[in-house]
Amino acid sequence: MELGKKQKLVIIKVVDFGAYLASDINNHEDKVLLPKKQIPTDKKVGDSLEVFIYRDSKDRLIATTKEPKVTLGEIAELEVAEVGSIGAFLDWGLEKDLLLPFKEQTRKLRPGQSVLVALYVDKSNRLCATMRVYPYLRTDSPYHKDEKVAGLVYEVSEQYGAFVAVDKIYSALIPQREMYTNVRVGDHVVARVSGVKEDGKLDLSLREKAYIQIETDSRRVLERLGKNGGKLDFNDKASPDLIRERMNMSKNEFKRAVGHLLKEGYIAIGEDSIYLKDNVESIYY
């Protein structure tokens, strides 16, 4: 019997309230109950079934033919059904909700929220969930540099950046230097693989490669100019912090966009400002 896993067991006995299952037909000591309502009508003693083993409300081992949303050692995004005195309870597709103890939570939860968790066995030999999913993420992704991936942000660090579970399987990071937008825990993101580390972990960027991104950044500068009456009260010599705060881009990206717009004749640069040329201004008014 492997707690928290799907496995094939054999029906060794049928009773009024269900069927007892074991690893083989002759094993009558290490057995588990499958409730009557879950026994397929065509099954009899000697037949095998794939079941999931967990504990019922009385902490007894029980089998189910229902499909759990997560199995031991795996990661899944589950919904909070309720919050109790010992933790949050998650809907994982079975009759008894899955406990997420307070000590395994990385932020305060409320019913209806979705949360990324891994399934583990606690010291009392019970199945529980944890939001500390980093150790459960894999580092053997099939992705390469510049490929697009989808992931879920599960932690944000001021020092390192945003930690992402790509495909809810693989370990990835949006480095702090790439945090131009307000990325929050629980956000679903589509990103570009900016690098693959030696240990297999992925570095991600929310921006395109420079030659593609320059068009988007240039358009953003033009739109900001239009909204500000055709003028910005800073130029590409401003501090990196000010540019990041006002434009959500790095100083280098801002300089590339401004240089592109200058070359195309859309803007002029003053001593401490940038402004639209008259032939461009009419686009915004």
Side-chain angles (χ1 to χ4, degrees), residues 1-15 17-25 27 30-84 87-101 104-105 109 111-122 124-133 135-138 140-142 150-152 154 165-171 186 188:
M1 300 295 169
E2 294 186 272
L3 182 66
K5 294 184 178 182
K6 292 189 290 184
Q7 55 218 271
K8 280 194 173 182
L9 299 177
V10 178
I11 299 175
I12 61 171
K13 185 179 181 181
V14 176
V15 293
F17 47 85
Y20 284 101
L21 313 178
S23 57
D24 64 73
I25 193 67
N27 183 357
D30 186 17
K31 59 183 184 291
V32 65
L33 178 68
L34 176 67
K36 183 177 181 179
K37 61 183 178 181
Q38 294 193 39
I39 305 173
T41 55
D42 61 337
K43 294 296 181 180
K44 60 185 183 302
V45 172
D47 289 343
S48 63
L49 282 171
E50 184 174 64
V51 295
F52 179 76
I53 306 297
Y54 70 117
R55 293 188 181 275
D56 64 13
S57 57
K58 295 184 179 179
D59 218 26
R60 300 171 299 192
L61 282 181
I62 191 121
T64 179
T65 54
K66 292 184 177 180
E67 186 76 19
K69 296 178 181 179
V70 63
T71 60
L72 190 64
E74 291 183 345
I75 298 170
E77 189 178 10
L78 304 179
E79 184 175 315
V80 178
E82 62 176 308
V83 178
F89 292 89
L90 311 178
D91 175 11
W92 63 322
L94 303 183
E95 292 182 3
K96 180 189 176 185
D97 289 334
L98 177 64
L99 173 64
L100 171 57
E104 296 296 333
Q105 298 178 22
L109 300 175
Q113 279 185 307
S114 291
V115 58
L116 192 71
V117 296
L119 185 66
Y120 74 101
V121 178
D122 71 4
S124 301
N125 202 31
R126 295 174 300 180
L127 291 171
C128 292
T130 177
M131 293 172 67
R132 306 181 196 281
V133 300
Y136 298 89
L137 290 168
R138 289 165 45 184
D140 58 344
S141 87
L152 180 64
Y154 64 89
V166 169
D167 298 338
K168 301 175 189 174
I169 299 175
Y170 306 111
S171 183
H188 290 264

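Small disclaimer: the values here were computed from a predicted structure and weren't measured.
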I'd like to know if [X] and [Y] make a salt bridge, using a cut-off of under 4.0 Å between side-chain N and carboxylate O.
X	Y	answer
K6	E67	yes
R60	D56	yes
R138	D140	yes
E95	K37	yes

Do [X] and [Y] have side-chain heavy atoms sitting under 4.5 Å apart?
X	Y	result
L61	R55	yes
K44	I11	no
I12	L21	no
Q7	F52	no
V45	V10	no
L33	F17	yes
L3	V121	yes
Y54	I62	yes

Closest approach of [X] to [Y] (non-hydrogen atoms, all atoms of both residues):
X	Y	value
L116	E77	CD1-N, 4.0 Å
M1	I53	SD-CD1, 4.5 Å
A165	L137	CB-CD2, 3.8 Å
P111	A81	CB-O, 3.9 Å
A22	D30	CB-O, 3.6 Å
G4	L119	O-CD2, 4.4 Å

Check your understanding: Could you go step by step and tell me if L78 and V70 meet the side chain to side chain contact (heavy atoms under 4.5 Å, CB included) rule?
Key -> CA-CA 9 Å; L78 304 179; V70 63; 4.2 Å; yes

State the [atom1]-[atom2] distance between [X] and [Y], to the nearest 0.5 angstrom.
X	Y	atom1	atom2	value
L98	C128	CG	SG	7.0 Å
H188	L152	NE2	CG	4.5 Å
S171	Y136	OG	OH	14.5 Å
Q113	E79	CD	CD	10.0 Å
S48	I25	OG	CD1	10.5 Å

Practice item. Would you sort out whether E104 and V117 count as a side chain to side chain contact (heavy atoms under 4.5 Å, CB included), showing the intermediate values? Key: CA-CA 9 Å; E104 296 296 333; V117 296; over 6 Å; no

Review point. Given the rule in the side chain to side chain contact (heavy atoms under 4.5 Å, CB included) test, do L109 and M131 qualify, once you have shown the distances and angles that lead to the verdict?
Key: CA-CA 11 Å; L109 300 175; M131 293 172 67; 3.9 Å; yes

**Study point:** Polar side-chain atom of T130 near backbone of R132 as donor-acceptor pair, under 3.5 Å
**Key:** yes

Check your understanding: If only atom types and distance count, is the side chain of D167 paired as donor or acceptor with the main-chain N or O of I169 below 3.5 Å?
Key -> no

Check your understanding: D47 and K43: salt bridge (charged side-chain N to carboxylate O under 4.0 Å, His left out), yes or no, with the steps?
Key -> CA-CA 6 Å; D47 289 343; K43 294 296 181 180; 5.1 Å; no

Exercise for review: Dump the intermediate steps for side chain to side chain contact (heavy atoms under 4.5 Å, CB included) on V80 and V115, then the final yes or no.
Suggested key: CA-CA 7 Å; V80 178; V115 58; 4.2 Å; yes

**Study point:** More than 12 heavy atoms from other groups under 6.0 Å of NZ on K96
**Key:** yes

Review point. Is a side-chain donor-acceptor pair under 3.5 Å present for T65 with E50?
Key: no

